[in-house]
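Have a look at the structure below before the remarks.
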Amino acid sequence: MFRKLAAAAVAAAIAGPALAQDAYVVGLTGALTGPPASTYAPAVEALRIYIDRVNAAGGINGKTVNLILQDDSAEPGKAAANAKKLIAQDNVMLMLNASLSSTYAPMVAEAKRAGVPVLFASSVCPKDVYPPADPLLFCTTAFAANHDSRAVLSFVKETAKEPVKLGLAAMAIPISRGEIDFAEGLSKTMGMTPVSKEIIPPPTPDYTPFATKIKDAGANWAYSWAPWVTQVRTLEALRRLGWQGDYVAWAHIEAEGELARLKDGQFYVVGATALFQDALPIHAEIAQAVQKANVQYPPQQMAEGWIAGMVVEAALKATSWPPTPEKLAAAMSNLNVDTRGLRGGPIAWTKDNHFRTRQYYRVYRWDPAKASIVRVKDWTAFDVQ
Amino acid sequence: MQLAVNITVLAAIYALIACGYVLVYRVSRVLNLAHGELMMLGAYLLLMTATQFSSHWLAALTAAVLLSLSTGVLVYVFLMRKMTGEMVLAAVLTTVALGILLRGAMVLIWSAQQFYPAQPLQIANVAIALPGGARISLCAALLVLTTALVYGALLTFLRFGRWGVRMRAAGQNPLLAAQRGINLHAIYALAWGLSTLTGALAGMLIALDAGLNQTMAIIGLKAFPAALVGGLDSLAGALAGALIVAAAEILLINYVDPLLSEVVPFLVLIAMLIVRPWGLFGTREELDRV
Amino acid sequence: MSRQPRASGYFRTGYAQDLKLVQTRAERASLALLGAVLLAFPFLASPFLLDLANQVFLASIGALALMLLTGYAGQISLGHAGLMAAGAFTVGILFRETQAPFWITLPAAAAVGAVLGVVFGLPSLRLRGLYLAVSTLALHFLVVYLGGEYEAKRGFSTGILIDPPVLAGMAITSGHAWYGILGTAAVATLLLCLNLLRSGTGRAWAAVRANETVAAALGIGVAGHKLLAFVISSALTALAGALFAYHRGFVSVEAFSLFLSIQYVAMIIIGGMGSLLGAILGAVFVTLFPYGIEVALRALPGAQRYAGTLFAVNYAAFGFVMILFLVLEPLGLVGIWRRVQTYFLLWPFKHRPLAGRRR
């Protein structure tokens, strides 16, 4: 068996680079296994389904798209090796990242050396994509540091009827800590009082100790911007302690299913992606495709990956044959993709803005009276400068 | 008051997991680093029985517990039995490999999604008010109760049960025990079965309380210092160790820096290892070369 | 060191001959062949294979260091990833704070490793076996915590980026240059280990491993030699971590998880305890194996459709093969190698004649 394996390995290693390039080759490294996989794996599945559909419909500019998936288990070392392999062996023109922020540095380092553009799809947008943007880094992900807290806190400010005493909860990963620190500073300038800031190490068997601190600090609002587990466990622990305040968190891909599970009227999720509750035509399309592909994840978690697919398709369409990373990066620097309602507006990239020129936020919550998810606040635009 | 409740709950979680480490180590001197994965497997088994076998909580739980017991026995019979007599390090590495295998298999079968076994079982995780203004969730209360019951049962079993006495004998001196006609393999298999069962129980209760995804395996490792502080071969020690580690963790979260809670169990551990390498209650064994 | 028997007709006639590392013509020839292959490799291989080779070199350095400690001096450590992190962070911090060039950071990393080696080694004076492993594990968490705090406090939320080292006015970025550097480093480590083990120190370690009481009775300073093993091994490990940081161009705590320590332990056990060759074989195997499985799985028909589950299978298969190795081949890869060697040496016989049996 080993001999066969080795033979196969050698054969593939030799044959790999020699493959004729008659397809758009796109590579992705993502956390498909490992602890944080629940956030990233559905998005990657969605992207794969989307690209398969594109190929089934005749491809882009008459060429197929070859999407090469690599698993990094959210480990930076593996991500670095994956990036190297995608660039050196598969000759990709575009790399996608769907993993924890700790994988960014090694991957970006490899990509820059080779001049290959990187698209962050379903992983948090790094600051480098905001204006002035790094020429090679792009992002389609809904959530983004700093902008989100601005939207969330302004929602809190206009919703709260009494002075806000704010409890904050972050996961002990740098990106989440940084954002909650930012929110703490911002809340003071907006006239709120941050009373408690909890940094919760992952994974924690019991969130009650942290919730106890938020409750004891006398918070009447709490805000968490962290992976979904931390956000929702903190809320559940708070509620079990009998805390009555309002809780606002980011609408990750799990949000829709979870709102229905928790049935908590004072739990607001702020997001940039329309929930399936809105029943847009595109939602039906996604649901159908997902059902046909027979995957383990519900369609509600697929929108993020779908958007990434739309953007990849548009970017490749704008790149004439034969494609090169430079051409693609140039095309991506001037792109406008209609998200067909999945987002509040198009994903528009300019030369110095690789995030989007305007970011739209919607707020949802569960309405116990109607027994369904309701929109609390419709698309609100924030200019990105 | 709430502080005391929080400490109790966390200590119960650690104690219930830690006794699995202790059971296996005490009998066979093998450190089972796949315990976290076996615990996660238990939780997934509950999910399976709840959705496919019976939605009555007692039936589903019983079925899942029996399944985990047999899983543990099978792990010994098909894997760890082959490792008896090898270097201890090799045996430990085998459990690590088993853990990797199980993790991969579990993603394969159940995907990386978040699950809530409490939903199909229709257990509402209500909060119970305790005197002194403290509150505890139903599942956490159940967990504390289970831990108490498991420890009571195990201690009685090891003290008075026929197989329990055999188990202790095998742990103390395998050669003598074997010569006295004790079936060592049966004892080891039993230890693995019980260890997996208690770990799985912990996994199931945590999953009922907080849901289930791929991170659960790591919680198993967090309970490991508790087992060591108390002494790896003492059940009472595991209980005390869990209490110490949980109290240190919660007090640090509350009064100092929550991030230290990651490190401090291990610092307590180092201090303990230097002062009393065999742990609080552990037997002062000859620490053999490996 | 246990050496394989030689075919026949070769007898040493003086001590000088006994001390030579390469003794027979056949050895010289095979070594030359190996050297030629290693030299020719970068010119033939694809960049990806080159990167794999570089990973193998890095892993070899770490595995050799661990083998010194565990396989020869008999001290178990689970803090290997922590030491690598210490080396990498020394580079990262020095580079970020003072822009120090590599010829300062690398020795600094080794020095930090040596100091930490004393710290990691202190418990070994009192603890043995599993308990020692656990105390090194505790130190691993401590190092990683400190590194994480540095990252968070200084705002390097996605890791510390490090510029490539500049040698003679040229930035080292290409895989070929790294192949040369890492390959040289690996060979240097191997030679260092080989010579250490042939010296008095190596023999003292072997004595300490075999029986501490007897070693002490022979006049060997047990405590000192244990600490020395930790210091040398840790300095080498930290150096490997520093090279990792330069090679990948970044440092972050997440790259040094407990799983990395376990991978290194897996290398020396799968390779074969108590053998430097084993450490290298183990490093090759553990590094390349996941890629091998991936390639094999992708060769299956319709692999792309199952791409999502492919990686779970890959992960599980790694565990499975590790189990197979541990259960079926306790002597490790080096055991297989020795069997093959013996088979040819003894041919046409199957067994060694009883008389004149070595060991």
Side-chain angles (χ1 to χ4, degrees), chain B residues 25 29-31 33-34 37 78-80 82-83 85-109 111-112 218 221 224-225 228 232 257 259-260 262-275 277-279 286-290, chain C residues 70 74-76 78 122-123 125-146 148-149 152 208-212 258-259 262-263 265-266 268-270 273 308-328 330 332:
Chain B
Y25 185 82
R29 304 284 143 190
V30 169
L31 182 60
L33 286 181
E37 279 82 2
F78 285 107
L79 181 63
M80 295 318 290
K82 310 265 190 310
M83 294 312 289
E86 292 288 342
M87 269 189 307
V88 173
L89 195 56
V92 174
L93 196 66
T94 310
T95 65
V96 171
L98 174 69
I100 295 175
L101 173 65
L102 284 177
R103 268 194 216 195
M106 280 185 277
V107 185
L108 208 58
I109 300 171
S111 84
I218 313 175
L221 200 68
F224 177 54
L228 265 165
L232 256 181
D257 177 7
L259 288 175
L260 276 174
E262 289 264 271
V263 197
V264 164
F266 284 96
L267 287 183
V268 174
L269 185 59
I270 293 188
M272 180 59 68
L273 284 173
I274 288 171
V275 184
W278 50 93
E286 281 175 63
L287 298 172
D288 274 340
R289 171 167 335 287
V290 181
Chain C
T70 309
Q75 310 298 312
I76 297 182
L78 280 178
L122 278 178
L125 303 184
R126 201 168 154 89
L127 302 174
R128 262 175 262 169
L130 227 44
Y131 289 84
L132 176 61
V134 171
S135 75
T136 53
L137 180 66
L139 288 164
H140 160 86
F141 280 101
L142 197 61
V143 171
V144 166
Y145 166 77
L146 292 176
E149 279 306 285
V208 170
R209 180 175 67 137
N211 191 322
E212 283 186 20
L258 180 58
F259 188 65
I262 287 171
Q263 272 185 321
V265 175
I268 61 170
I269 290 188
I270 288 178
M273 240 355 167
T309 49
L310 185 90
F311 297 101
V313 174
N314 191 346
Y315 200 78
F318 182 60
F320 187 66
V321 170
M322 219 158 111
I323 288 178
L324 282 186
F325 250 101
L326 289 163
V327 172
L328 300 179

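Residue numbers begin at 1 in each chain, while the letters A, B, ... track the order of the sequences. Every heavy atom of this structure was used, including side-chain atoms; hydrogens, water molecules and symmetry mates were not. This one's a predicted model, so the numbers in the text were calculated from it and none came from an experiment.
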Any chance you could measure [X], atom [atom1], to [Y], atom [atom2], to the nearest 0.5 Å?
| X | Y | atom1 | atom2 | answer |
| --- | --- | --- | --- | --- |
| B:Leu101 | C:Phe318 | CG | CZ | 11.5 Å |
| C:Leu326 | B:Leu98 | CG | CG | 11.0 Å |
| B:Lys82 | C:Leu328 | NZ | CG | 9.0 Å |

Contacting region of B:Leu228 [heavy-atom separation from chain C under 4.5 Å]: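 Just the side chain, heavy atoms under 4.5 Å.
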
Region of B:Leu221 that comes under 4.5 Å of a non-hydrogen atom in chain C: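 Interface part for B:Leu221: side chain.
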
Test item: B:Leu108 and C:Tyr315 side chains (from C-beta on) under 4.5 Å apart, heavy atoms: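 No. Closest side-chain heavy atoms not under 4.5 Å.
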
Shortest non-hydrogen contact from B:Thr94 toward C:Ile323: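 Closest approach of B:Thr94 to C:Ile323, heavy atoms only: O-CG1, 4.3 Å.
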
Heavy-atom pair with the smallest gap, counting every atom of C:Ala316 and B:Ala105: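 For C:Ala316 and B:Ala105, the tightest heavy-atom pair comes out as CB-N, 3.9 Å.
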
Part of C:Leu142 lying under 4.5 Å from any heavy atom of chain B: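 Looking at C:Leu142, backbone and side chain both touch chain B.
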
Heavy atoms from other residues, nucleotides or ligands near CZ of C:Phe320 exceed 12 (cutoff 6.0 Å):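 Atom CZ in C:Phe320 is not crowded, with 12 or fewer foreign heavy atoms closer than 6.0 Å.
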
Interface residue of largest heavy-atom contact number with chain B, from C:Thr70, C:Val265, C:Val144, under 4.5 Å: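 Top count of heavy-atom pairs under 4.5 Å with chain B: C:Val265.
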
